[in-house]
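Reviewing the structure listed below.
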There are 2 protein chains.
Amino acid sequence: MLVSDSKPEERRAPRARISDVAQALGLTKATVSRALNGYPDISESTRARVRHKAAELGYSPLSHAQAIRTGRARSLGIVLQVGDQDGQRPFVADFLAGLSSAASAENWTLTVATATTEEDMLATMGRLIDERKADGFVLPRTKVADERIRMLRRLSIPFVLFGRTGDPESCAYFDILGEDAMALAVRHLHGLGHRRIGYIGGGDGFYYSAVRSAGYRAGIEAVDLPFDPAIVGGGAYTVDAGMREADRLLAADEPPTAILCATDMCALGVCRRASALGLRVGGDLSVIGYDGVPEGAWSTPPLATFEVDSRVAGLHLANLLIRRIRGENPADLRETAHARFLDRGSAARPMMSSAELREHVARATGR
Amino acid sequence: MLVSDSKPEERRAPRARISDVAQALGLTKATVSRALNGYPDISESTRARVRHKAAELGYSPLSHAQAIRTGRARSLGIVLQVGDQDGQRPFVADFLAGLSSAASAENWTLTVATATTEEDMLATMGRLIDERKADGFVLPRTKVADERIRMLRRLSIPFVLFGRTGDPESCAYFDILGEDAMALAVRHLHGLGHRRIGYIGGGDGFYYSAVRSAGYRAGIEAVDLPFDPAIVGGGAYTVDAGMREADRLLAADEPPTAILCATDMCALGVCRRASALGLRVGGDLSVIGYDGVPEGAWSTPPLATFEVDSRVAGLHLANLLIRRIRGENPADLRETAHARFLDRGSAARPMMSSAELREHVARATGR
DNA sequence: CCTCTTGCCGAAACCGGTTTCGGTGCTGAA
DNA sequence: TTCAGCACCGAAACCGGTTTCGGCAAGAGG
């Protein structure tokens with residue numbers, strides 16, 4: 001059953017095993033194991049000797065061998081949702097880089113799987129748990145009511161959220177404060193002179209949608225503008241949906257001179273539709289998105305947006321998850337950060353009043 | 001040392017172990033193991049009974065437990081290079097999806113790590129090998145002379161290339177035939193009426209650069225155009241480099257009316273520079289790229305390019321690698337596919353002659 | 001001086017598999 | 001009839017760790 005097409009002369013030095021360390025010190029492997037794992041019934045002097053010798057021999061325990069007894073493989077799990085049209089994909093590499101480098105630093109590894117549907121995701125996670133391939137999970141794209149959280153809670157498997165959720169009980173998380181970004185965006189547009197600022201929300205059910213929407217609302221109130229449902233849309237995280245919602249908002253009696261979007265893909269759809277209607281984006285209509293997708297830098301004009309540092313997010317999440325797996329209290333494992341505003345051409349002073357805009361749109365749509 | 005914040009009433013059913021299967025059949029676990037692993041000294045009838053009972057109990061071996069004896073963990077390794085400005089990142093998610101789903105189908109898993117430099121990558125792979133976290137590797141972005149291949153060969157660790165390499169001896173691979181794409185692009189441009197077709201190559205040392213460059217050359221010869229070094233550039237896989245090379249090619253005595261690029265990022269740089277010079281891309285100057293990056297769809301006009309199906313590539317590579325690890329001959333594990341041409345606005349009939357173009361550029365650059 | 005802790009470590013079982021070795025029972029040839 | 005040979009399976013060692021249990025010696029307390 002063994003494949004052996006190796007040239008015999010080329011053989012790497014065999015790994016040091018725990019018994020090698022034990023023998024070199026005249027101890028038993030039991031003592032070495034306990035010394036390295038911080039058991040209290042080992043004297044500090046022997047512990048130091050063991051540590052030193054282990055380093056000298058380049059010994060580190062084989063995670064499989066540990067896992068067979070402990071059930072833990074020093075591995076972080078993540079299941080990526082793929083196949084749907086959300087703008088999160090470009091960041092996956094950076095995100096994984098963050099996770100991976102933080103994991104490597106602690107001598108952990110990263111086990112990655114993908115799923116297309118929610119059931120698929122649950123099944124895949126179940127498989128990884130069952131096979132003990134992952135000791136805990138990073139959960140991106142959290143929902144207000146998230147089945148993954150329910151499942152992991154039930155099985156008491158550690159996890160950490162990239163985002164927040166409706167019932168944060170027992171949840172560790174790292175999140176970017178999208179509410180602050182949206183509020184800042186409203187203030188920015190207001191500062192530019194906009195008085196009709198519309199909003200288009202993101203995917204239904206996702207927690208980020210709820211917070212960004214709340215941030216818009218808080219921003220509107222902060223600058224003393226009325227909240228008008230006629231210029232507020234939602235459920236749009238694709239270009240097509242953005243175009244559709246743009247049509248709806250621009251058809252309002254008092255259309256917005258600026259539209260804030262919960263996602264860049266939606267914002268790009270708004271830009272495209274506005275251009276098609278003969279509106280100059282970043283003049284007749286201002287648009288701000290969120291995510292910092294690379295496409296935004298190539299649309300005309302470039303899209304103002306909020307950039308998220310996915311690598312840093314991955315770093316934080318991996319560290320949080322490792323600490324969670326080691327038993328720390330989830331309430332102590334919560335961190336947040338801010339997105340960085342990229343002030344680009346699509347957001348500028350209004351060059352049309354809402355009334356003029358309405359006229360223009362009416363003419364352009366032939367109504 | 002054990003964390004136990006689990007509610008005791010919620011306990012998942014324990015996994016079936018090999019001894020459960022053995023006991024249920026009145027056999028020893030040795031027999032069960034050999035039966036499931038295809039040893040010849042087990043009668044077909046017993047083998048069938050074992051298989052059936054294993055399925056009934058939902059038994060499958062724990063890969064760690066196997067790994068401790070066999071050294072193999074049923075895990076595919078991949079180390080992604082991050083941090084440099086290449087346009088491959090958007091596809092990472094799809095690529096991983098392909099790898100992951102093919103691996104899952106065989107009950108394998110995917111261990112992902114990242115590295116920033118080449119030494120970092122070699123060290124990371126070494127760590128994964130040493131820790132037996134990966135039984136083999138997928139190597140993307142292969143170079144003509146690839147250190148990773150040298151290392152894995154020396155250690156006789158199985159691997160499979162996404163791409164090809166200078167010395168394919170003992171290499172299994174999957175690759176997209178970039179040479180065919182480039183040749184097709186030349187023919188396409190020639191068919192549109194272009195007679196001065198320039199070319200800008202990709203990153204030095206990468207094998208894809210060599211094949212795409214050869215494809216351009218073959219295409220040029222096929223349509224009976226002269227190869228002119230004055231309108232051929234190279235080493236450009238970023239926007240900035242694309243802009244720089246565009247300047248150089250357009251400053252030629254007989255500038256190209258169409259520029260073919262080995263990468264989309266380079267092509268986008270060419271487009272940007274051309275626009276800055278007052279040239280209408282997809283009219284005064286045609287541009288074709290390669291990769292199918294999402295940014296291309298948002299530039300003005302949208303970039304004609306070749307799309308690569310990363311998910312399918314991942315599927316093939318995972319299957320090839322698994323077969324390689326199982327001992328199949330690398331020479332039998334070589335597959336190729338074609339990129340799909342996306343005919344978009346940046347490539348069109350020439351609206352200026354080379355001479356006119358030269359005049360225009362001279363005026364625009366003030367020379 | 002004797003017992004009782006306490007600190008520290010060794011012996012051995014254990015985790016869940018794989019693999020070596022040896023021993024049946026049966027068949028076929030001498 | 002006997003014995004070699006083969007097909008098939010059990011017993012036990014093994015992989016590289018962790019954990020339980022118990023034992024020894026030194027120090028504390030009476």
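Here the structure is a predicted model, which means the values were calculated and not measured. Protein chains get the first letters and strands the later ones, always in sequence-line order, with residue 1 at the start of each.
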Taking B:Asp135 first and then B:Arg72, would you say they form a salt bridge - that is, a charged N and a carboxylate O separated by under 4.0 Å? no
Can you name the side-chain contact (heavy atoms from CB on, under 4.5 Å) partners of A:Asp120, sequence neighbours left out? A:Ala115, A:Thr116, A:Thr117, A:Thr124
Taking OP1 and OP2 of C:dG17, is either one under 4.0 Å from a side-chain nitrogen or oxygen of B:Tyr59? yes
Among A:Gln81, A:Arg148, A:Lys143, which residue meets the side chain to side chain donor-acceptor pair (under 3.5 Å) test with A:Glu118? A:Lys143
Report the C-alpha separation of A:Arg17 and A:Asp20 in whole Å, then their side-chain angles, then the decisive distance to 0.1 Å, and conclude whether the salt bridge (Lys or Arg N to Asp or Glu O under 4.0 Å) test is met. CA-CA 5 Å; A:Arg17 293 154 303 183; A:Asp20 297 329; 3.5 Å; yes
For the helix from C:dC1-D:dG30 to C:dA30-D:dT1, how many degrees between its two end axes (five pairs per end), to the nearest 10°? 60°
Gap between atoms CG and P, on A:Leu62 and D:dT18 respectively (whole Å): 10 Å
Return the set of residues passing side-chain contact (heavy atoms from CB on, under 4.5 Å) with A:Gln23 (not counting sequence neighbours), or none when no residue passes. none
Residue-phosphate contact under 4.0 Å: B:Gln66 side-chain N/O, C:dT18 OP1/OP2: yes
B/S/- contact track for nucleotides 5-14 of chain D, protein heavy atom under 4.0 Å: ---BBBBB-B
Shortest non-hydrogen separation from A:Pro40 to A:Arg47 and the atoms involved: CA-NH2, 4.3 Å
Return the set of residues passing side-chain contact (heavy atoms from CB on, under 4.5 Å) with A:Asp41 (not counting sequence neighbours), or none when no residue passes. A:Arg34, A:Tyr39
In chain order, what residues pass the salt bridge (Lys or Arg N to Asp or Glu O under 4.0 Å) check against A:Arg150, with sequence neighbours excluded? A:Glu147
